[in-house]
Amino acid sequence: MLEKIFTQYRIWDSKKSFYRQAMQRYPLPDWYRLLQQAGMIDAVIKGAAPGNIWLALSQWCLQLSGLRR
């Protein structure tokens with residue numbers, strides 16, 4: 001199934017191992033949460049939501065890297 005998704009989204013063979021490693025870093029609900037946070041960061045960047053973009057972006061990057069606050 002994963003190979004079908006890689007083909008559908010045209011993921012290069014040389015990049016597939018990176019995607020597999022990233023998918024193992026967190027369970028699926030955590031990926032949904034990170035994606036939702038990325039959307040909120042995008043809204044802050046565009047001025048559609050209040051917040052400190054640099055703080056939000058740095059916290060998001062730390063969470064994505066596996067560090068917890």
Practice problem: In sequence, state the C-alpha distance, the side-chain angles, and the governing distance for Met23 and Leu28, and then conclude on side-chain contact (heavy atoms from CB on, under 4.5 Å). | Solution: CA-CA 8 Å; Met23 286 185 280; Leu28 189 56; over 6 Å; no
Self-check item: Atom pair CD1/CH2 of Ile53 and Trp60 - distance to nearest 0.5 Å
Solution: 10.5 Å
Self-check item: Min side-chain heavy-atom separation Arg20-Phe6 under 4.5 Å
Solution: yes
Quiz prompt | Separation of Ile41 CD1 from Leu57 CG (nearest 0.5 Å) | solution = 5.5 Å
Quiz prompt | Heavy-atom side-chain contact between Gln59 and Gln37 under 4.5 Å | solution = no
Self-check item: Greater than 12 external heavy atoms within 6.0 Å of Gln8's CD
Solution: yes
Quiz item: Below 4.5 Å, heavy atoms only, C-beta onward: do Trp31 and Leu64 meet side chain to side chain?
Solution: yes
Quiz prompt | Distance in Å, Leu34 CG paired with Arg25 CZ, rounded so as to fall on 0.5 Å steps | solution = 10.0 Å
Practice problem: Nearest 0.5 Å please: distance from the CH2 atom of Trp12 over to the OH atom of Tyr19. | Solution: 10.0 Å
